[in-house]
Amino acid sequence: MRINRSTAKWSVATAIAAAILFSGFLGSARAAEAVTVFAAASLTNAITDLGNMFAGKGAGNITSSFAASSALAKQIENGASANLFISADEEWMNYLSEKRLIVPESRFNLLGNRMVLIAPADANLKVDIKPGFPLAQLLGNSRLSTGDPDHVPVGKYAKRALEKLGVWTSVEGKLARADNARAALALVERGECPFGIVYATDAAISKKVKVVGTFPEVTHPPITYPAALVSGKNTPAARSFVEFLKTPDAKVVFEKFGFTVR
């Protein structure tokens, strides 16, 4: 059978055009997949940067919600549409795990952090954080900013450390209980509190505060950020973003903001 040369050329051109069109369709479809990330407030800068990088690769659009891990876990429990949860402690991840609201095999420890005592940037002092250190005297009639120790991870870590150091009872009544770590940072930035207890990564992003003391790691449980996919929201794009968070490129971003990559 003879094939007309012009017909053959048309067929090849058509096949190439179809391949290009199909490739473009796949790219558009992938880019259209949105991933909603619920992450601890202390991850705001790092996850925002990584979300932009992920979207820039055409792998999917990232929508993030940042708040206290306790608030985010409750929102997921109440049906909020999140694909991925990154907590600032084990407890709130365990809370969702016990309710079977995360994919167990997707859970992993992503990051670590340190806890510090901060003061306004023009403060001229260093505080040696050790058993019985005079935090109450330093505060005077002022308040100590940190997360609400009843449920916010940074506040819970702070309470454990202050109890270990034997100064909790002397400062408990002086607490300014913030909704999350970034809110606690803001109270010191605005001069509403002379001291605050936040994560080292929060202190590092602000030019309005300085670290005047670092809590010894033996005074509190390890500060760990577990991550897990949310049950029923385990989409290909969400799994892809989780894998992206484990890459060397992501490690560079996390370390830039001061996190320890697990």
Side-chain angles (χ1 to χ4, degrees), residues 22-113 147-148 150-154 156 179-183 221-247 249-251 253-254 259 261-262:
F22 183 64
S23 174
F25 172 77
L26 285 180
S28 299
R30 188 178 300 165
E33 290 183 26
V35 179
T36 301
V37 179
F38 278 20
S42 49
L43 288 165
T44 300
N45 301 76
I47 292 298
T48 298
D49 280 7
L50 290 167
N52 291 336
M53 288 172 60
F54 188 73
K57 296 176 182 290
N61 297 319
I62 304 299
T63 300
S64 302
S65 179
F66 302 105
S69 302
S70 52
L72 296 173
K74 289 287 187 180
Q75 289 175 25
I76 292 171
E77 181 183 17
N78 290 324
S81 184
N83 298 97
L84 173 65
F85 177 49
I86 310 176
S87 175
D89 70 359
E90 298 275 3
E91 181 179 321
W92 286 108
M93 188 62 81
N94 292 340
Y95 179 82
L96 292 184
S97 178
E98 291 166 2
K99 296 180 180 300
R100 299 184 178 182
L101 291 174
I102 62 168
V103 180
E105 58 271 23
S106 72
R107 179 174 176 170
F108 68 104
N109 288 335
L110 177 62
L111 302 168
N113 210 337
D148 188 334
D150 287 343
H151 62 92
V152 179
V154 70
K156 292 160 56 186
D179 289 338
N180 58 62
R182 290 297 171 89
I223 298 173
T224 301
Y225 290 72
L229 292 164
V230 176
S231 297
K233 305 294 182 182
N234 183 7
T235 65
R239 291 196 295 273
S240 179
F241 187 61
V242 168
E243 292 306 311
F244 176 65
L245 295 180
K246 301 175 183 176
T247 63
D249 286 348
K251 181 180 180 183
V253 173
F254 284 129
F259 291 97
V261 177
R262 299 295 192 192

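Counting begins at 1 with the first residue of the sequence.
- Taking each heavy atom of Ala238 and Val35 in turn, the nearest pair found is N-CG2, 3.7 Å.
- A cation-pi arrangement is present between Lys246 and Phe108 under the rule of less than 6.0 angstrom and at most 45 degrees off the ring axis.
- Heavy-atom minimum distance, Ala88 versus Ala40: CB-CB, 3.7 Å.
- A distance of 10.5 Å separates CH2 in Trp92 from CG in Leu72, rounded to the nearest 0.5 Å.
- Residues Ile102 and Leu229 form no side-chain contact, since every pair of their non-hydrogen atoms from C-beta on lies 4.5 Å or further apart.
- In plain terms, the two heavy atoms of Ala55 and Asn61 that are nearest each other are CB-OD1, 4.1 Å.
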Legend entry - side chain to side chain contact (heavy atoms under 4.5 Å, CB included) between Leu50 and Phe254, intermediate numbers included: CA-CA 9 Å; Leu50 290 167; Phe254 284 129; 3.4 Å; yes

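- Remark: aromatic rings of Phe54 and Phe241 are close, center separation under 6.0 Å.
- Note that CD of Glu105 is 7.5 Å distant from CG of Asn234, once rounded to the nearest 0.5 Å.
- You'll find the side chain of Val37 stays beyond 4.5 Å of the side chain of Asn83, heavy atoms only.
- In this structure, NZ on Lys156 lies 8.5 Å from OG on Ser69, to the nearest 0.5 angstrom.
- For Asp150, the side-chain contact (heavy atoms from CB on, under 4.5 Å) partners are Asp148, Arg177, not counting sequence neighbours.
- The line from CD1 of Ile223 to CD of Glu90 is 12.0 Å long, rounded to the nearest 0.5 Å.
- With values rounded to the nearest 0.5 angstrom, Ile76 atom CD1 is found 10.0 Å from Ser231 atom OG.
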Legend entry - Test side chain to side chain contact (heavy atoms under 4.5 Å, CB included) applied to Asn109 and Thr224, step by step: CA-CA 7 Å; Asn109 288 335; Thr224 301; 3.5 Å; yes

Legend entry - Test side chain to side chain contact (heavy atoms under 4.5 Å, CB included) applied to Lys74 and Tyr95, step by step: CA-CA 9 Å; Lys74 289 287 187 180; Tyr95 179 82; 2.9 Å; yes

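- Closest heavy-atom contact between Leu245 and Ile86: CD1-CD1, 4.2 Å.
- For Arg107 and Asn94, the side-chain atoms include at least one donor-acceptor pair closer than 3.5 Å.
- Just one residue in the list Asn113, Asp89, Val261 forms a side-chain contact (heavy atoms from CB on, under 4.5 Å) with Tyr225, and that residue is Asn113.
- Thr247 is linked by a side-chain contact (heavy atoms from CB on, under 4.5 Å) to Phe244, Asp249, Ala250, counting only residues two or more places apart in sequence or in another chain.
- A pairwise comparison of heavy atoms in Glu77 and Leu96 identifies N-CD2, 4.4 Å as the closest pair.
- Asn52 contributes a side-chain N or O that, together with a main-chain N or O of Thr48, makes up a donor-acceptor pair within less than 3.5 Å.
- Summarising the geometry of Ser87 relative to Met93, their closest heavy-atom pair is OG-N, 4.1 Å, with the distance given to 0.1 Å.
- Separating the CG atom in Leu110 from the NZ atom in Lys251 is a distance of 12.0 Å, to the nearest 0.5 Å.
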